[in-house]
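Please read the structure below before turning to the comments.
Just the heavy atoms: all of them, side chains too, but no hydrogens, waters or symmetry mates, feed the values below. Each ligand, and each atom within it, is numbered from 1 in the order the structure gives.
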Amino acid sequence: MKLTDLPKLNTKREQALNKSGIHTVNDLLYYFPRRYIDKSNIKPIQLLSQSDDAVSVVGKVDAIQVQGYKQKRRLEIRVTDGSGSVKAVWFRGWKYVVSQIKEGDLVSLFGKTKRYGQWLSMAHPDLEVLESKNEVEKYNTLIPIYPSGKHFSKAYITHKLIASWADRALDQMEISEFLPDQLLSEHGFKKIKEALRTMHQSQSEREARETLERFKYEEFFLFELAMARIKYKQRAKSDGPELKPGSLTKSFFNDLLPFELTEGQKSALGEIRDDVATATQMNRLIQGDVGAGKTVVAIGAMLMAVDSGYQATMMAPTEILAEQHFHTLQNFLKPLGLNIRLLVGGQKKSLREDILTDISGGNCNIAVGTHAIIQEQVNFHKLGLAVIDEQHRFGVKQRTEMLQKGSNPHLLVMSATPIPRSLAMTVYSDLDISVIKDLPGGRKPIKTAVRTDREREQIHRFLESTIAEGGRVYVVYPLIEESEALDLKDATMGFEKLKRRFPDIPIGLLHGRMKAEEKESVMSAFAEGRLSMLVATTVVEVGVDVPEANVMIIEHAERFGLSQLHQLRGRIGRGTRQSYCILMPDRKLSESGRFRLKKMVETTDGFEIAEADLKLRGPGDFLGTKQSGLPEFKYGDIVDDRLLLEQAKSDAWNIIKHDPELEQDKHSQLKPVFFDYFKKRAEYFDVG
Ligand code: ADP
Ligand code: MG
């Protein structure tokens, strides 16, 4: 059946449907109402009260008026049913509303009622134009309201028309089930045709909501099936190096490490050891909040490679961080006599040549660096394991480039941005995940507070006493790309002011415009205690470790995202001293700004914060531009529907494990649907 086989579907209407992404009858069937008006909930207007919260009325538009002047203009329409009249009012976006309606139209309004002068009115209600009285009477209980765009009303496509098309298509079309029977019965889902019918002609909202689960599951399932297949194929083809811990690894953990591993560190290391012991290439993500001690885990993994006669490498997103890792490795591993090299951009040519020769000749056991590591000129002699730190700062592309530096080296990626499990599962479905939940003991939870400008002097006195006791202080300013110059001025001015206020305290300034050597020298002065206070833009955000730093003041705190605030705060609370984070917002606070600050005060749990941030910003923004190409789910929400997603993932994996090409009889319907889905998204799944 083609779209044009549907009754009353002329060219104009076809074009309008196309513009909304409906190209086939199947698309139309999957175009679900965005809500339903429950006829039994429609209230006679006379019975409305000012405290009705979510109420529907249906009536005729009998007056349309634009009131007021200039900015104060508003649209008022009067809607009358047999019992009385109500006003609907729009203060914004009313031009669009006006374009949708005319006097005499039958409309439904859905929203809150409020007394407004003499009138009982509804501000910004949901308004639907219904075709006729008949439209209301035709339905037993629920009237489906489809998502409708501008082009729909221009082509006279009403809700009723869409519903009748769906009806016709369901009557005439053969629609075969593709989900395996077992899954349908396990999850209690309706068969496809019945489920589709319910979506368009439901008798109760609850039934429609329950039925929608099937469709959420369906799209999660196909996605996870694709991910499972990729992972399966990867495992089948790649024979990575077999690594096992030897004398170096043992000596590191038994003799050199000055502390006990946390449970999370131990179990992550155990999982890595199991992974690399087999010829199957490891792809593992370590998730752990800032300060969870991921570096030690990475060192352990790298030593397993060196113990087994391979090289290892570790890549970090910034020079400061790469250098810090380099120093950490050198300090910890000095007695082992390993050759550890640092490769970053801007090194002298002769030094660089020397490092490259060391790497390609195999003299270098461990190479630490920035993305310089994955440049073409770098050739490893025998790379066994690669670590990518702060993985969310890199793209998928860099991950692939890293893998090409050896023949199937094991890959360990680490992320300090706790990603809610649900999201990690979808975005990194092809990775195994270890989570380090616990922080090393002996740390006191950071105390966080919001303070205002008026309390600045009090704060300054607190800084004085903190520094007198040997503490160190970060003062952080936001750096937002669009207003870089301005922000820089903010930080610089703040720095000057503090210097005047504290003439005896050594204060440093750190920002992104400085040369690498300058940054490095300021940072190490702060780390070594030659500076007690560091005024910085967000360059301190990533990974830097100064255990003595115990106070952080964040200026214009409301301009930061939640995850970023959390990352920043993770720079303190790394030693045994009590740490304090002081958030200094501007006076004007948006609702979301207030929420973010409140959340920061309430909790230091990175996963809870990530969860809230994800809710606030949605997955696309949350992961940043680097991770663009996130799967788009039409019905499912990876946060709200996470249980369903996890279910879909395990179901998909079970199938692929036993029947990777979907050749078994019970998958005969699934096979074409899946491969069609997979082909359409070939680019996303990164397959040719
Ligand atoms: P992150 O996970 O943020 O990368 P780091 O690896 O930088 O954290 O570790 C933070 C600090 O905690 C470092 O100074 C590290 O030496 C220390 N550390 C790591 N593991 C432990 C442990 N088990 N006990 C005590 N201190 C630890
Ligand atoms: Mg780290």
Side-chain angles (χ1 to χ4, degrees), residues 252-270 272 284-303 313-334 366 368-370 386-394 412-419 433-446 472 474 523-524 526-529 539-550 552 563-577 579 604-607 609-610:
F252 171 62
F253 286 114
N254 298 341
D255 314 327
L256 303 177
L257 202 61
F259 41 71
E260 275 284 300
L261 292 177
T262 64
E263 285 309 310
Q265 286 172 320
K266 278 188 207 158
S267 74
L269 273 162
I272 293 169
R284 183 167 288 280
L285 168 70
I286 306 243
Q287 273 208 37
D289 212 340
V290 271
K294 294 181 291 295
T295 317
V296 169
V297 174
I299 295 174
M302 291 194 288
L303 288 176
T313 184
M314 184 167 183
M315 179 166 76
T318 64
E319 272 180 36
I320 295 185
L321 200 55
E323 277 162 23
Q324 186 177 304
H325 282 323
F326 177 63
H327 293 309
T328 307
L329 282 164
Q330 281 195 318
N331 290 340
F332 270 138
L333 305 181
K334 198 174 284 159
I366 298 178
V368 183
T370 54
V387 180
I388 302 182
D389 193 18
E390 309 287 343
Q391 122 87 25
H392 62 286
R393 293 278 173 129
F394 295 103
L412 188 65
V413 300
M414 308 201 292
S415 176
T417 309
I419 302 168
I433 302 177
S434 306
V435 177
I436 305 182
K437 273 240 162 89
D438 40 358
L439 295 183
R443 301 228 180 114
K444 299 194 180 78
I446 302 168
R472 272 169 236 169
Y474 286 112
M523 206 52 231
S524 51
F526 184 66
E528 289 158 20
V539 286
V540 291
E541 187 191 343
V542 166
V544 182
D545 191 22
V546 182
E548 292 82 4
N550 69 324
M552 175 173 283
S563 291
Q564 204 184 8
L565 284 172
H566 179 69
Q567 286 280 314
L568 283 169
R569 182 169 61 178
R571 301 299 109 225
I572 56 172
R574 300 194 144 216
T576 43
R577 238 177 266 273
S579 291
T604 53
D605 179 336
F607 284 90
I609 284 177

Less than 3.5 Å apart, which donor and acceptor atoms pair up between the side chains of residues 253-260 and the rest of the protein, not counting sequence neighbours?
{"unit_1": "N254", "atom_1": "ND2", "unit_2": "K250", "atom_2": "O", "d": "3.4"}

Less than 3.5 Å between some nitrogen or oxygen of G293 and one of ligand 1, yes or no? yes

Does the E548 side chain pair with the main chain of G529, one donor and one acceptor, at a distance under 3.5 Å? no

Using a 4.0 Å cutoff against the non-hydrogen atoms of T295, which atoms of ligand 1 qualify? 4 (O), 5 (P), 6 (O), 7 (O)

Closest heavy-atom contact between P440 and A292? CD-O, 3.9 Å

Sequence-distant partners of F252, ring pair (Phe, Tyr, Trp, His ring centres under 6.0 Å), two or more places apart: F332

Under 4.0 Å from a heavy atom of Q265: which atoms of ligand 1 are those, numbered in the order shown and with their elements? 19 (C), 20 (N), 21 (C), 22 (C), 23 (N)

With heavy atoms only and a cut-off of under 4.0 Å, state how L261 meets ligand 1: side chain, backbone, both or neither. backbone

Answer with yes or no whether G291 contacts ligand 1, where contact means a heavy atom under 4.0 Å from a ligand atom. yes

Closest non-hydrogen atom pair, D289 against T604: OD2-O, 3.8 Å

Among P547, G441, P440, P258, whose heavy atom sits nearest atom 25 (C) of ligand 1? P440

Which atoms from ligand 1 have a heavy atom of E260 less than 4.0 Å away? 22 (C), 23 (N), 24 (N)

Under 4.0 Å to a heavy atom of T262 - the qualifying atoms of ligand 1, by number: 23 (N)

Using side-chain heavy atoms (C-beta onward) and a distance below 4.5 Å, is L329 in contact with I299? yes

Taking only non-hydrogen atoms of G288, do any sit less than 4.0 angstrom from ligand 1? no

As an exercise, state the distance from CD1 of I366 to CE of M314, rounded to the nearest 0.5 Å. 9.5 Å

Ranking M414, R574, Q287, E263 by closest non-hydrogen atom to atom 7 (O) of ligand 1, top hit is R574

